[in-house]
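A quick write-up on the structure given underneath.
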Amino acid sequence: MRGAGWIKGLREAEAQQLRNEIGRLERGLIEAANSKAKWNLHEVAHALRWQKARLRRLEECLEAMPEGKKVSLGS
């Protein structure tokens, strides 16, 4: 059975992936705003809002998670 530290590690990795995706979407939003094809702007903005909301919920979840057991080496 896996502990809270393992689950928290998974959620932290998921949060990092979301941050990377948000960065990609923000760059896509800038490109869409600067392009002549504005049809993509709405889709990118919607995806960006959705990913930011997911990240916010995930970060709240991470804050509420207890710290995993600290491994003591030595002593």
Side-chain angles (χ1 to χ4, degrees):
M1 188 166 178
R2 304 199 178 188
W6 180 77
I7 295 169
K8 189 170 185 175
L10 285 178
R11 296 298 173 246
E12 287 171 343
E14 184 180 355
Q16 185 57 46
Q17 287 176 338
L18 279 173
R19 287 183 196 99
N20 293 341
E21 177 68 11
I22 287 169
R24 187 188 67 75
L25 286 169
E26 286 174 339
R27 288 186 298 277
L29 187 63
I30 292 168
E31 290 172 10
N34 290 333
S35 75
K36 292 181 181 176
K38 301 284 184 186
W39 59 270
N40 197 28
L41 187 61
H42 179 74
E43 288 181 33
V44 174
H46 177 72
L48 181 59
R49 282 191 301 274
W50 176 250
Q51 296 297 12
K52 283 186 174 184
R54 280 185 63 201
L55 180 60
R56 206 170 17 258
R57 287 190 306 272
L58 185 56
E59 287 175 339
E60 289 172 2
C61 178
L62 281 167
E63 287 177 14
M65 287 182 140
E67 291 294 323
K69 290 183 180 179
K70 302 291 181 192
V71 177
S72 166
L73 301 176
S75 186

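Values below: every heavy atom of this structure, side chains too, minus hydrogens, waters and symmetry copies.
- The salt bridge (charged side-chain N to carboxylate O under 4.0 Å, His left out) check on Arg24 picks up Glu21, with sequence neighbours excluded.
- Listed by chain and number, the residues in a side chain to side chain donor-acceptor pair (under 3.5 Å) with Glu31 amount to none (sequence neighbours excluded).
- Residues that satisfy the side-chain contact (heavy atoms from CB on, under 4.5 Å) test with Glu43, not counting sequence neighbours, are Trp39, Asn40.
- Under the rule for a salt bridge (charged side-chain N to carboxylate O under 4.0 Å, His left out), Arg27 has no partner lying at least two apart in sequence or in another chain.
- In this view, Glu12 satisfies the salt bridge (charged side-chain N to carboxylate O under 4.0 Å, His left out) rule with no residue, not counting sequence neighbours.
- A continuous path of hydrophobic side-chain contacts links Trp6 to Leu62 [ILVMFWY only; heavy atoms under 4.5 Å].
- Not counting sequence neighbours, the partners of Ile22 by the side-chain contact (heavy atoms from CB on, under 4.5 Å) test are Glu26, Leu48, Gln51, Lys52, Leu55.
- Applying the side chain to side chain donor-acceptor pair (under 3.5 Å) criterion to Gln16, with sequence neighbours excluded, gives Asn20.
- In this structure Arg11 satisfies the side chain to side chain donor-acceptor pair (under 3.5 Å) test together with Glu14, sequence neighbours excluded.
- Sorted by first and then second residue, the salt bridge (charged side-chain N to carboxylate O under 4.0 Å, His left out) pairs with a member in residues 56-66 read Arg19-Glu59; sequence neighbours excluded.
- Hydrophobic cluster membership differs between Val44 and Ile30, with clusters built from Ile, Leu, Val, Met, Phe, Trp and Tyr side chains linked at under 4.5 angstrom.
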